[in-house]
J.: 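Can you keep this structure in mind? I'll have questions shortly.
None of these values were measured; they are calculated from a predicted model. Protein chains get the first letters and strands the later ones, always in sequence-line order, with residue 1 at the start of each.
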Protein chains: 2
Amino acid sequence: MPEARTSTPRERYRTQVRAEIKEHAWEQIATAGASALSLNAIAKRMGMSGPALYRYFDGRDELITELIRDAYRSQADTLRAAADAGAGLAGLAHALRAWALDDPQRYLLIFGTPVPGYRAPDDVTEIAAETMAVIVGACAALPSASPSDGTADAFDAHLEDHRQWAGDDPAPSPVLHRALSFWSRLHGVLSLELAGQYTGMGFDPALLFDAELKDLLGP
Amino acid sequence: MPEARTSTPRERYRTQVRAEIKEHAWEQIATAGASALSLNAIAKRMGMSGPALYRYFDGRDELITELIRDAYRSQADTLRAAADAGAGLAGLAHALRAWALDDPQRYLLIFGTPVPGYRAPDDVTEIAAETMAVIVGACAALPSASPSDGTADAFDAHLEDHRQWAGDDPAPSPVLHRALSFWSRLHGVLSLELAGQYTGMGFDPALLFDAELKDLLGP
DNA sequence: ACAGGGCGGTTAGAAGCTATCACGAACATT
DNA sequence: AATGTTCGTGATAGCTTCTAACCGCCCTGT
């Protein structure tokens, strides 16, 4: 007989249904975007009628927040897994791009247009910090940032006074700078690609991504 | 007596009302985001009842498309004005940032999350090409791209075969590369700033923007 | 073993939205 | 002055989120 029964059948059913709801929600978001997400449509597609979903989520906003949380979690796990597998900064970059292309709307749910008043819950920003920690770690493992060029960057000096977002990581500020640059630059090409801003231009976004990455890694 | 009467009073009234509708729409978008734009609310705020707006716009989608068009137009005009005033690449960058910060939701309406099926009208992409032309022009005026470094970039070679987006601009492909890099990189920091991804990190996004710009201009 | 409580699902309904239709009134034109 | 186009209205259909009231089942405690 199973002794450590930490979950009742009811709880298991509940979490299973919640997961199924999110499944349908992701499907819907992938095909029509987050703004078109409809609780009613999800309920109908699950064979139950409208307001039943409110037993599982307080409303549309809570569902979306949960999806955002999962998206951040998935991103953090992906990058951490790559780092644990020994990937360097380049490996992280490609893991990030693969993750983004795997579900563009998931990426845009995090980094796309925010609603003006929205404030992400604390645990979500903690997951984001976790992701940044992985990136900072990979940057610290790099040969050297700003090597022979003796002139300290103005932003580096500024970062020295604003490094609390890196937690207790003792990395010197040029490393933090490189991490921010890494994140911002790759997001630049990635988000423009996902938003379709390059379509019609003809070139391969993957090559631009690699070019940016190479320039980012090179001296 | 005015002889060249190219517009009747009715036409003038019509365009005036259309402009007023867009005015309210922008206001609403700035405070609640584009997804919350409501024709009904606009109509009520203008003192007329619901369906009246359909005399001026085919529907919500056409209104938003019109706003997108205006946003592109405004961006292109801003950059061209800066270029005409003698601004270099750095000047364009700061003009771009100022334009973005002036109305974040306007920027995000262009570069934010797109709805999966949406395809921008041709005239809109033409305006975007106009903007790119200004940037390419400023890049061509720069001292030299990839100066002594003889090894031709892989992406540069690829661009040589995909340069039709630059129109008939005879700029060498490293210049086009720099234009794409300029656009992508600045969009990276800008969009993350506008989306509030840097908030809570403490540092000044303007300094990161300048650092990216400096690195972009430097050899 | 059986009565109760919590939980899941239902229908009904309020309030909001987009969008279409049919009608009246005001305007411009012939 | 008569005609026709345009503007604004109210009514209506259909969608949405979300609340409220109700019913029934499963699970649990005595």
J.: Is the closest side-chain heavy-atom distance between B:F57 and B:R18 below 4.5 Å?
T.: yes

J.: For the backbone of A:L216 and the side chain of A:R178, can you confirm whether one donor and one acceptor N or O come within less than 3.5 Å of each other?
T.: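 Judged by distance alone, yes, a pair lies under 3.5 Å.
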
J.: For B:E11 and C:dC27, give me the distance from atom CD to atom C1', rounded to whole Å.
T.: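 Value for this atom pair: 14 Å.
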
J.: Quick one: what's the B/S/- string for nucleotides 12-20 of chain D, heavy-atom cutoff under 4.0 Å, read 5' to 3'?
T.: ----SBBB-

J.: Could you check whether any side-chain heavy atom of B:E130 comes within less than 4.5 Å of a side-chain heavy atom of B:R73, counting everything from C-beta outward?
T.: yes

J.: Atom CG of B:L53 and atom C1' of C:dC17: how far apart are they, to the nearest Å?
T.: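 The distance from CG of B:L53 to C1' of C:dC17 comes to 13 Å, rounded to the nearest Å.
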
J.: What verdict does the side-chain contact (heavy atoms from CB on, under 4.5 Å) test give for B:W99 and B:R106, after you've listed the backbone C-alpha separation in whole Å, the side-chain angles of each residue and the deciding distance to 0.1 Å?
T.: CA-CA 9 Å; B:W99 177 82; B:R106 179 180 54 186; 3.2 Å; yes

J.: Rounded to the nearest angstrom, tell me the gap between atom CZ in A:R12 and atom P in C:dG8.
T.: 14 Å

J.: Could you please name the option among C:dA28, D:dC26, C:dG9 that lies closest to any side-chain atom of A:R10?
T.: D:dC26

J.: Any side-chain N or O of A:Y13 below 4.0 angstrom from OP1/OP2 of C:dG9?
T.: yes

J.: From CZ of A:R55 over to C1' of C:dT10, roughly how many Å is that when rounded to an integer?
T.: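 Interatomic distance, CZ of A:R55 to C1' of C:dT10: 10 Å.
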
J.: Base, sugar-phosphate alone, or nothing: which one does A:F57 contact when heavy atoms must sit under 4.0 Å apart?
T.: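 Result for A:F57 = nothing.
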
J.: Donor-acceptor pair, distance only, cut-off 3.5 Å: does the side chain of B:S184 make one with the backbone of B:S181?
T.: no

J.: Any sub-3.5 Å donor-acceptor pair from A:S173's side-chain atoms to A:D156's backbone N or O?
T.: yes

J.: Just how far, in rounded Å, is P of D:dC27 from CZ of A:R14?
T.: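 Those two atoms, CZ and P, are 16 Å apart.
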
J.: Give a yes or no on whether the backbone of A:D70 and the side-chain of A:S74 come within a donor-acceptor separation of less than 3.5 Å.
T.: no

J.: Is B:F203 close to A:W165 at the side-chain level, that is, under 4.5 Å between some pair of heavy atoms?
T.: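 Answer yes - side chains close enough.
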
J.: Roughly, in whole Å, what's the span from CE in B:M48 to C1' in C:dG24?
T.: 17 Å

J.: Please list, in numerical order, the residues of residues 18-33 of chain B that have a heavy atom closer than 4.0 Å to any atom of DNA chain D.
T.: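 Nucleic-acid contacts, sorted: none.
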
J.: The side chain of B:S49 lies closest to which of these nucleotides: D:dC26, D:dT5, D:dG10?
T.: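 Among the listed nucleotides, the one closest to the side chain of B:S49 is D:dG10.
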
J.: Heavy-atom distance under 4.5 Å between the side chains of B:L63 and B:I42, does that happen here?
T.: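 Yes, at least one pair of side-chain atoms sits under 4.5 Å.
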
